[in-house]
Amino acid sequence: MKTPKIAKTRAELKAAIAEANPGSLGFVPTMGALHSGHGSLFKAAREENEVVVISVFVNELQFNDATDYANYPRQLEADVQLAAEAGVDIVFAPEAEEIYHAGLPLVRLNSGALGDMYEGASRPGHFDGMLAVVAKLLHLADPRQGQYRAYFGQKDAQQLALIRRMVADLDYPVQLRSVPIVRSEKGLALSSRNALLSEEEKEAALVLHRSIQLIAGRAARNEPLYVEDAIGMCQMAPLVELDYFVVVNPDTLQELAFNCQDTPFTGEGLILVAAKVGKVRLIDNQPI
Ligand code: PAF
């Protein structure tokens, strides 16, 4: 097992990439606290690139709650170990001053209507802050030659939709790859936040996946979806406070007003669900 090179500054990252001189580079931005969900992103990147670069950076700008930011797990040593096991070549682990070297950015990206709904509605400013750092990181890891690919998990479906728009709208020279959700044996979507759940809450959280499966099964059989059954299931579950359960257009995230109620389901959609389980906010989704 090879130890990845650690780059703390943008100059070190640039030098490490230049030294590797890759014909293809796969980049996976993360906020650390790595788990096997991230592992699947690293694996996807490893499979089709000569060099794999990951970043570990907890981005203050995408937290709208200072306590949440302060408490976000930071465990670089363990992260580097997992990265090494996954065959990552370079870990970019900058301090905030390195990323926001000119102070917090004055000029920001606006995630627009796509960033205001669902997760954006309950976390104002989150997506603008997320785009601010992803825009920078995509520049910093750009090999400037050969193939450049970046990997994101499908679990953060709204994040992925926004990054897709940013890359298209601003002509970033990077190919985006999305990697399916990794679940626990019982079906809970893996997330760094799961560590904050008690055993009882973990059991309760399974209703998110069960309710998704109910609707996905109906979609697969081209039946009417009757989404209110899934909403009812989540609302009745103990310890669960449902925020939303919707079926949307996968690109625009606009709710599918019909084609999912009392008529047979055809075409494509994306089920999105978010709920608080105890004090922890969880999201899950599934394309149908
Ligand atoms: O999904 C995440 O971990 C973060 O939002 C990202 C993309 C690394 C930006 O900070």
Side-chain angles (χ1 to χ4, degrees), residues 7 10 13 26-42 44-45 52-65 68-76 78-80 82-83 86 88 90-96 98-100 104-105 108-109 111 114-115 118-120 122-142 148-167 170 172 174-182 189-196 272 274 280-285:
R10 49 183 72 208
L13 175 64
F27 175 51
V28 188
T30 82
M31 295 211 298
L34 302 179
H35 50 68
S36 31
H38 296 103
S40 72
L41 297 174
F42 303 160
V52 175
V53 178
I54 72 163
S55 60
V56 174
F57 178 66
V58 184
N59 173 39
E60 176 181 356
L61 285 190
Q62 68 189 80
F63 287 80
N64 52 331
D65 175 347
D68 196 19
Y69 172 62
N71 292 340
Y72 200 84
R74 289 160 173 87
Q75 43 166 67
L76 187 58
D79 289 345
V80 171
L82 196 143
V88 168
I90 303 169
V91 175
F92 179 44
E95 296 296 333
E98 184 64 22
I99 291 292
Y100 299 119
L104 291 182
R108 306 248 182 135
L109 289 160
S111 57
L114 194 54
Y118 310 123
E119 289 312 287
S122 65
R123 303 172 70 188
H126 165 67
F127 286 121
D128 293 357
M130 178 280 294
L131 288 179
V133 81
V134 172
K136 275 171 169 285
L137 292 169
L138 286 176
H139 279 312
L140 296 176
D142 187 341
Y148 181 30
R149 306 181 179 105
Y151 297 76
F152 294 89
Q154 278 168 14
K155 173 158 169 298
D156 295 299
Q158 194 173 359
Q159 167 170 287
L160 183 59
L162 275 160
I163 293 170
R164 280 209 174 102
R165 279 308 300 249
M166 181 186 79
V167 163
L170 302 182
Y172 268 79
V174 63
Q175 298 165 49
L176 291 183
R177 296 278 199 263
S178 66
V179 179
I181 294 178
V182 179
L190 294 196
S191 157
S192 308
R193 290 178 192 272
N194 294 354
L196 305 171
L272 295 177
V280 186
R281 188 181 166 80
L282 298 177
I283 54 174
D284 202 344
N285 70 79

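All ligand and atom numbering here is 1-based and tracks the order in the structure. These numbers come from a predicted model, not from an experiment.
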Trainee: Would Gln159 count as being in polar contact with ligand 1, using the rule that some N or O on each side must be under 3.5 angstrom apart?
Mentor: yes

Trainee: Using ring-ring contact (aromatic ring centres under 6.0 Å, His included) as the criterion, list what pairs up with Tyr172, not counting sequence neighbours.
Mentor: His139

Trainee: So Leu131 and Leu162, side chain to side chain contact (heavy atoms under 4.5 Å, CB included) or not? Walk me through it.
Mentor: CA-CA 8 Å; Leu131 288 179; Leu162 275 160; 4.3 Å; yes

Trainee: For atom 10 (O) of ligand 1, what's the nearest protein heavy atom and its distance?
Mentor: Gln62 OE1, 2.7 Å

Trainee: Does any donor atom in the side chain of Tyr100 or Asn59 lie under 3.5 Å from an acceptor atom in the other side chain?
Mentor: yes

Trainee: Mind checking whether Thr30 has an N or O less than 3.5 Å away from an N or O of ligand 1?
Mentor: no

Trainee: Ring centres of Phe63 and Tyr72 under 6.0 Å apart?
Mentor: yes

Trainee: Identify, by atom number and element, the atoms of ligand 1 in contact range of Val133, meaning under 4.0 Å from any of its heavy atoms.
Mentor: 9 (C), 10 (O)

